[in-house]
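Everything on this sheet refers to the single structure shown next.
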Amino acid sequence: MLKHEFSMEVPHSAARIWALLQDYDHWTDWSEMVHRVDVLWPGDENQNGRLRRVFFQLPDGPSGASLELVTDVVPERGHTYTMISRDGNDHIGHVRLEPLGPNRTMLYFDETADMDPAVYEFINKHNEDHMRAASQYLTDHPEYRPDLVAPEA
């Protein structure tokens with residue numbers, strides 16, 4: 001079993017990061033490898049039980065897709081996702097947001113998987129780039145959810 005952990009401080013409120021990460025219509029605006037995200041089942045009012053299919057670019061050109069179940073949602077703080085595999089070899093991941101101050105958040109990401117280490121290295125790079133790109137998108141687009149920018153003290 002392989003495990004990958006990643007964290008980074010971002011200069012945005014947890015609420016604003018959370019909003020972007022839940023705004024699947026915008027993922028293609030900032031995540032280079034994502035082609036689209038389909039919500040197959042919305043889940044409850046907090047998105048617990050949400051079922052999504054993420055279409056993404058594979059390293060050799062074709063598109064891939066992952067079926068993901070979102071659980072353990074704590075709004076503006078994090079969630080667990082399970083990438084459901086046909087062979088029962090599901091990947092489990094977590095995204096957690098820890099507010100550090102006004103418009104400062106520590107973003108934590110981890111995932112476990114049982115797969116080829118070289119393929120997992122590619123996935124890990126994509127996941128890290130995905131998180132960095134989300135932060136950069138918010139920096140480059142102050143018009144995105146300005147209501148979630150915390151007033152500076």
Side-chain angles (χ1 to χ4, degrees), residues 1-44 46-101 103-141 144:
M1 187 67 70
L2 301 172
K3 182 166 184 154
H4 178 70
E5 296 178 320
F6 172 74
S7 63
M8 64 183 271
E9 185 176 331
V10 294
H12 307 288
S13 70
R16 193 161 176 248
I17 297 164
W18 180 259
L20 183 63
L21 293 178
Q22 306 313 308
D23 186 352
Y24 301 127
D25 290 340
H26 277 88
W27 276 26
T28 57
D29 294 342
W30 55 269
S31 189
E32 183 177 308
M33 294 186 64
V34 174
H35 294 296
R36 80 174 197 261
V37 180
D38 294 343
V39 175
L40 305 174
W41 184 257
D44 69 12
N46 291 324
Q47 302 170 18
N48 276 299
R50 173 166 281 183
L51 189 62
R52 65 188 183 196
R53 186 176 312 275
V54 180
F55 295 87
F56 53 89
Q57 183 71 38
L58 290 170
D60 55 357
S63 289
S66 61
L67 182 63
E68 301 176 359
L69 177 65
V70 178
T71 58
D72 304 324
V73 176
V74 178
E76 300 181 7
R77 293 298 178 266
H79 67 271
T80 298
Y81 67 89
T82 303
M83 293 175 61
I84 302 168
S85 173
R86 290 183 185 147
D87 64 4
N89 182 19
D90 300 342
H91 301 193
I92 309 294
H94 306 92
V95 174
R96 187 168 59 89
L97 302 173
E98 178 185 325
L100 300 175
N103 304 308
R104 286 184 47 238
T105 302
M106 185 62 75
L107 184 152
Y108 297 95
F109 171 82
D110 69 76
E111 184 179 80
T112 56
D114 185 9
M115 64 187 318
D116 177 272
V119 173
Y120 197 49
E121 183 178 343
F122 168 80
I123 292 169
N124 292 335
K125 180 180 180 328
H126 166 67
N127 286 334
E128 290 181 12
D129 289 348
H130 181 77
M131 299 301 173
R132 286 186 191 100
S135 178
Q136 189 62 51
Y137 181 85
L138 293 174
T139 298
D140 294 344
H141 294 274
Y144 184 85

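- Side-chain atoms of Asn103 and His12 include no donor-acceptor pair closer than 3.5 Å.
- Ring geometry for Phe109 versus Tyr81: interplanar angle under 30°, hence parallel rather than tilted (30 to 60°).
- Checked for salt-bridge contact, Glu111 and Lys3 miss the test: no charged N lies under 4.0 Å from a carboxylate O.
- The ring-ring contact (aromatic ring centres under 6.0 Å, His included) search around His91 returns none, not counting sequence neighbours.
- Side-chain atoms of His79 and Gln47 form no donor-acceptor pair, as typed in the model, at a separation below 3.5 Å.
- Around the CD atom of Glu32, the shell of radius 6.0 Å holds no more than 12 heavy atoms that belong to other residues, nucleotides or ligands.
- When side chains are defined from C-beta on, Met33 does not count as touching His130, because their heavy atoms never get closer than 4.5 Å.
- In this view, Tyr24 and Trp27 satisfy the ring-ring contact (aromatic ring centres under 6.0 Å, His included) rule, not counting sequence neighbours.
- Shown here are the ring-ring contact (aromatic ring centres under 6.0 Å, His included) partners of His26, two or more places apart in sequence or in another chain: Tyr144.
- Side-chain N/O atoms of Asn124 and Glu128 include no donor and acceptor closer than 3.5 Å.
- With contacts defined as side-chain heavy-atom distances shorter than 4.5 Å, the pair Met83/Ile92 does not qualify.
- Take Tyr137 and apply the side chain to side chain donor-acceptor pair (under 3.5 Å) test, not counting sequence neighbours, and it matches no residue.
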Run the side-chain contact (heavy atoms from CB on, under 4.5 Å) check on Leu51 and Leu67 step by step: do they pass?
CA-CA 7 Å; Leu51 189 62; Leu67 182 63; 3.8 Å; yes
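- Every residue meeting the side chain to side chain donor-acceptor pair (under 3.5 Å) condition with His141, not counting sequence neighbours, appears here in chain and number order: Glu143.
- The side chain to side chain donor-acceptor pair (under 3.5 Å) test applied to Ser66 returns Glu68, not counting sequence neighbours.
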